[in-house]
Each structure stands twice: as structure tokens, then as C-alpha cells.
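Structure first, commentary second.
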Amino acid sequence: MSSFSDLEELVGKEVTVQLKKDMTIRGRVHSVDDQYLNIKLEDTCVVDQDEYPHMSSKRMKVYPGSGGGQKWTTLEHNGVLFPPPYKPHGVKMLYNGQPVDLTPEQEEVATMFAVMKDTDYAGKQTFIDNFFTDWRKLLGKNHIIKKFKLCDFTPIYEWHLREKEKKKQMTTEEKKALREEKLKQDEKYKWAVVDDVKERVGNFRVEPPGLFKGRGEHPKMGKLKRRIQPSDITINIGKGAPVPECPIPGERWKEVKHDNTVTWLAFWNDPISQKDFKYVFLAASSSLKGQSDKEKYEKSRKLKDHIQNIRDNYTRDFRSKDPTKRQIAVATYLIDKLALSAGNEKDDGVADTVGCCTLKVDNVICIPPNKLQFDFTGNTVEIEELVCKAIEGFHAGKKAGAALFDKLDTTSLNAHLNDLMPGLTAEAFHTYNASITLDGILHEETEDGTLLEKIDVYQRANKEMARVNEKIDELKGQMDELKVDLSKAKEGRSLGNDKDGKPKRNLAPEAIEKKISALESKIEKMEMDKKIKEDMKTCAHVMPKIKYLDPRITLAWCKRHEVPFEKIFNKSLLAKYGWAMDVDPDFRF
DNA sequence: ATTTCAACTTAGCACAATGTCT
DNA sequence: AGACATTGTGCTAAGTTGAAAT
């Protein structure tokens, strides 16, 4: 069972469905109910009522692509590739000015920290504290290193710079040799054979040890992510297939499973968050991934038949008397119109980000009659007046930090979405809106072959915008500095030091004024440039959402206009979209 | 009914590869 | 050829969600 479009063909046919690892049922497909197969079971077929209490033993609903299903029949692969063991460099760091002896293990972690000197992390207290705590565990109680303040990692940092330089200085041949060496090593792990088809493996490399780099103000940043051993890793492989040999002598895998209801080839527990898993999956080009990608788009296409109804409904409920209904209506609207994510509750101990259900009253500011401002992005968006009113209402009587949607969580929101259309999720809205827009654009402007060229131009323009803005900001910064200099110079004071700490040349006020006017005209020119570019970004906003665009829309366009696929998609996207290549030229999303 | 788990998918960054200009 | 800009790729953190466990 693969995609929904195939389901109709199954009506009346005998099917065998694997529900979970060691449990299959057999029966005749009675009908197709939206995404479900209604299967009339054989008389001999008994469904364990304990395991499936909601299903009668005569009929069964099966949702393809979700829990009910075998993912493969045979699976062969070679396991995972471990990072090479640590090679000590022997460069001594200083403590209180004195060189210190470190064991290779201790040196490894010191080096992890040392090489991060020129990143933002190196200056963050949380990062330093977490690193130092974990490192001291390795140093032991009686080690002379006690205070971070007395540590000087520069000798190691400088060694790292020298190594980097050495690498840069390598000849093209040397670099090529190194690359080929690596390729040769990877070859063994790169492939898996799934149901007799050779498929690429995605991430066969085990994550190397390092200091945890969480995004945002992550409380665990800097903690030591320890080295993963074979005894940490669970392998999943076909029953008859040879179990990959453990590459480290004297060690063995934690466990070997033969579970064909999942797609992972291996996993280990994340050392930073023991309850989380790190999986090894097949690459995006594999048919398993392609299938689920296709299902995602098919689900979103279904939204087309429901969207009018859904929008009518939530628009009506903006003024509902029932506050829960009102919140659901507004939440659905935000997801639909602003592509807001669902927003799950998160554990303590991770950086805070927001989605729809985790919005706090202080995250959004209403600007009547029809604008909304988000504090985390600073963006202001236009919304419907009724929504603005409703959100104002949700604010009423709540303290800062209170949930905006107090009657809502992801579970109830998802349940509601499921009522609107089986299988509907927040993400489906994003996919639907992005894809239907692109579909519209590509069918609208067909007079000449320049449309995609336009898109290309737009895309470039969009990226350039960001840079122009940065440049303008930078110039303005320089301007401020010059103005300060000017006033100092006029008073005959010294200009002080520049940002590298070197003293500035003391210039005459006239010279500074000249500089300022030059800068002024430069900024002016840039602003002009920006304006021109702004005019061009009409349809640019669709392209960056590549993950939400059904590739069949673009591929069908290519076929209609005789544009080679390679012009539009790069190599990896072409591989990823293999499942969509045979699309009908007249395909409509 | 509510919480937790397991399995995926997506996001976002850093660096490598490639392209373009001088 | 070297410098700079752009694009591609790999890596891994983070978000989502159906199902299982309380």
C-alpha cells in the first residue's frame, strides 16, 4: 500500500496487512473511506481485542502510511561508521601561566573548547560553565586545574590555526587524494538493500564527540557530548541478512533487532538528552522516503476539497459565544494564514520558542483595527479585523506570561483539525498554501518562456535584499562613529581607540566631514538600490518554501515548456523527487 | 484523560564546492 | 590565478504527532 490514489484500486481485492511487528490480518477491502481502507476480515481472522479494543473483529480500518504497516520485507546494510579515535597533539595549555600535562582524554575536551574561541559560544557563561563542569569530571578532584579563569587555551587554539593553515596550503592533488580516501571508506556504509533495491543511506556516520551546541539560549550548551560506542548502538536489519560486524575489536552492538515496521537502520540514545534518540535512516532519494513525501503532498491536495468549508467555518466562529470555539477558530486562522506551527509544550531545560499553542499574551500585540505584532520576530502582519478583536479579547484579564489560547493545546487543536478532514495537520496547511500558490503562478503566466527566469531573478533579488540591508546597517554604523569622531575632533579631543584597540589617527574636523558626506551619498545610493529590488519581489515568497512545494507542479511545468528538470532542481533534489518524475504534464495540485 | 515514547520530518548553521569577476 | 560571492551539502538540533503507557 503506497499512496492514496492507489487505494481505490484495492476495493474488492484480498489484502494482507501487517499491523505491527508480529501481527498481520487478511481480508477483502470493502470500501475506501477518505484515507482509510475498510477491510472486511476473513472469518478465520481474529483481532486481539486487548490490543485493538476499538476494532470489531469483522471490520477493520487501516490507515496506510501510519502505524499500521510493514515498511520493508528484506533489509541489508553494513551498520554505521564511527569517527576515528582521538589523536593527541601534545600541545600544552597553560594554567596560571604554567604548562599543564593532560591525558589524551582530558586534552581532547580541552581542544574542543579551545577551537571554539572565535565563535559566539566561547563568550557565553552557560557554555563555559557547562563545559568546565564536564571537563573537571574528567580531570578529577585533585587536578591542579580548579578555576576556569586561570585557564589559558591559546597554545591549543594557535595549534588549531596552524593545522587549519596547513590544510589550506595543501596542493589540489593532496586534497583530491584525501577526498578519495574518504569516499573509499564511506563506500561500504553508503548503501543499503531494501526489498532487493540498492538505496542510499542518509546519515551513516556516528556523531563525533563534541561540546553541545544548542540553538538560542540553550541551558545545556557546552556540555560534553561523549563519544558513542558500539555498545550504545541498536541495529535494525532483515532477519536473514548478515549482521554488520562490529568495527571496534572486543566490542559489540547493544542490540540487534529485526523490526520491519520501522524504517531506521540503527539508533543510539542522545548523550545530552538520554531520552532522545538519534536514528540512522535511508537518504531522501530512497523510495521509502519518497513515498512518505508523496503522501504528505497527497494529503495536502485533499485540503482543496475542504478548504472553503474550513475557512467559512472558522470565519463564522470568530464571533462565537463559546470561548473555546473562538480560540480554535483564531488558532486555525493563524495556522492557515500565517503558517504558524502547531507549537508543542516543551520540557524544561530547552530554549524557549513558540508556536500557535504556546503563544503567550506578551508574544503578540494587537494593533487595531487589523494588525498583529509578534515580539519574537518583531514582524507586524495584517489580519482580519474580527481576528484582531478576538485576540484582544483573549488578552483580557490575563497576566504577562499567561497562555494566549488557554483553552487549547496541540492535542485538542489536532483533534479539531482531524474533524475538519481526516489526517489534517498544521503542516498540511503550509504545504497546501505554498503549493496551490505556485500551481496558480505557473499556470497563469504562460505567454513566454521567461517565467522561471523571472522566478530566478526574484530569488536572487530576495537574497540580495538581505545583503543590501546588512550593508546599509553597516554603513549607518560607520556614520554614527564618524559623527562621534567629528564632535571629539571639534573639541580638540583625541579620537581614542578603534574596535581593534589601536589608536585612531587624529584627523582634522574638515577631513571627517568630507568622509561623512561621502558616506552619506553611498547610503543614499544603497537605499535607492533597495527600493528597486523591493519592487521585484512579487512572487519571490513562494520559492524559499521548497519543502512545502509539491515537486510535481514544477516538473509538470517543465514538461509543458520543454525546460530540462536540471535547470530548476539541483542534483540532490532531482534524486529526492524521483517519485514525481513521471508526472502528467497537465498535473494540477 | 493525560503523559510519555518512539519515529519521523524540518530547520538552521557551518563549511565545502563551485562560479564569477578582476 | 586569486579573491570574492553564491550555491550545495552535511550535520545535528528541534518540532510534530500517533500510539502506547499511566
Side-chain angles (χ1 to χ4, degrees), chain A residues 19-20 50-54 63 65-69 71 83 116 118-121 164 167-168 172 175-176 178-179 182 186 202-208 210 212-216 218 220-221 225 228 234 236 257 259 261-265 267-284 288-289 291-293 295-296 335 339-347 349-358 409-415 417-418 422-428 430-431 456 459-460 463-464 466-467 544-548 569-576:
Chain A
L19 290 177
K20 47 160 89 176
D50 285 343
E51 292 212 51
Y52 288 90
H54 56 293
Y63 177 47
S66 78
K71 302 287 171 55
M116 291 185 74
D118 41 21
T119 70
D120 288 347
Y121 288 110
K164 230 162 81 177
K167 226 175 170 182
K168 224 164 107 189
T172 324
K175 280 182 189 163
K176 203 177 149 199
L178 219 64
R179 239 200 336 261
K182 191 169 161 244
D186 291 357
N203 53 330
F204 50 82
R205 242 179 272 277
V206 173
E207 291 176 16
F212 177 71
K213 294 191 232 176
R215 301 196 198 132
H218 201 297
K220 289 189 175 179
M221 63 167 76
K225 197 166 80 165
I228 300 300
T234 301
N236 191 34
K257 288 197 179 191
D259 185 350
T261 66
V262 294
T263 66
W264 53 266
L265 311 185
F267 85 84
W268 66 91
N269 285 99
D270 180 2
I272 291 296
S273 171
Q274 199 61 31
K275 65 174 175 43
D276 290 335
F277 305 86
K278 299 288 195 165
Y279 292 93
V280 174
F281 291 117
L282 292 172
L288 263 170
K289 291 279 191 196
Q291 248 175 49
S292 74
D293 210 27
E295 275 159 23
K296 174 183 84 180
I335 286 169
L340 224 58
S341 66
N344 268 308
E345 280 302 332
K346 270 163 287 194
D347 295 350
V350 291
D352 247 7
T353 50
V354 270
C356 196
C357 293
T358 43
D409 56 36
T410 43
T411 316
S412 61
L413 182 64
N414 281 329
L417 295 179
N418 237 293
L424 184 60
T425 59
E427 193 210 15
H430 308 171
T431 311
D456 187 54
Q459 231 174 333
R460 278 169 206 276
K463 281 206 169 160
E464 275 171 38
R467 258 191 310 130
K545 301 186 175 176
I546 189 92
K547 291 212 168 92
Y548 297 115
F569 292 129
N570 63 36
K571 215 176 70 195
S572 50
L573 285 178
L574 281 176
K576 176 172 174 180

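Just so it is clear: chains get the letters A, B, ... in the order the sequence lines come, proteins before strands, and each one is counted from 1.
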Donor + acceptor pair across side chains of A:Asp409, A:Ser412 (<3.5 Å) = yes
N/O (side chain, A:Asn203) to phosphate O (OP1/OP2, C:dC11) under 4.0 Å | no
Whole Å only: how far is the NE2 atom of A:His218 from the P atom of C:dT12?
-> 15 Å
Return the orientation label for the A:Phe267 and A:Trp264 ring planes: parallel under 30°, perpendicular over 60°, tilted otherwise.
-> perpendicular
Validation row: A:Thr234, A:Trp268 side chains within 4.5 angstrom (heavy atoms) | no
When rounded to the nearest 0.5 angstrom, what is the spacing between CG in A:Leu288 and CG in A:Asp293?
-> 12.5 Å
Spacing between A:Asn570 atom CG and C:dG8 atom P, to the nearest angstrom = 5 Å
A:Lys571 NZ to C:dG10 C1', in whole Å, measures 13 Å
Starting from P on B:dA6, measure out to NZ on A:Lys278 and report it in whole angstrom.
-> 16 Å
Trace of the salt bridge (charged side-chain N to carboxylate O under 4.0 Å, His left out) decision for A:Asp270 with A:Lys225 | CA-CA 8 Å; A:Asp270 180 2; A:Lys225 197 166 80 165; 6.0 Å; no
Atom-to-atom span, CG of A:Asp186 to P of C:dC11 - whole angstrom | 8 Å
Heavy-atom side-chain contact between A:Asn269 and A:Phe277 under 4.5 Å = yes
DNA chain C: A:Phe212 or A:Ala426, which has the more 5' nearest nucleotide?
-> A:Phe212
Atom CG of A:Leu573 and atom NZ of A:Lys571: how far apart are they, to the nearest 0.5 Å?
-> 12.0 Å
Report yes if at least one side-chain N or O of A:Ser572 is closer than 4.0 Å to OP1 or OP2 of C:dG8; otherwise report no.
-> no
Taken to the nearest whole Å, CG/A:Leu424 to C1'/C:dG18 is 15 Å
Take the protein atom CG of A:Asn269 and the nucleotide atom P of B:dT4, then report the distance between them rounded to whole Å.
-> 17 Å
Euclidean distance, atom CG of residue A:Asn418 to atom P of C:dA19 [Å, nearest integer] | 10 Å
Contact string for nucleotides 7-20 of chain B, one letter per nucleotide 5' to 3', B = base within protein heavy-atom range under 4.0 Å, S = sugar-phosphate only, - = neither, reads BBBSBB----S---
Out of C:dT9, C:dA13, C:dC11, which has the shortest distance to the side chain of A:Arg205?
-> C:dC11
Between A:Asn414 and A:Asp270, just flag the one whose closest nucleotide in DNA chain C comes earlier from the 5' side.
-> A:Asp270
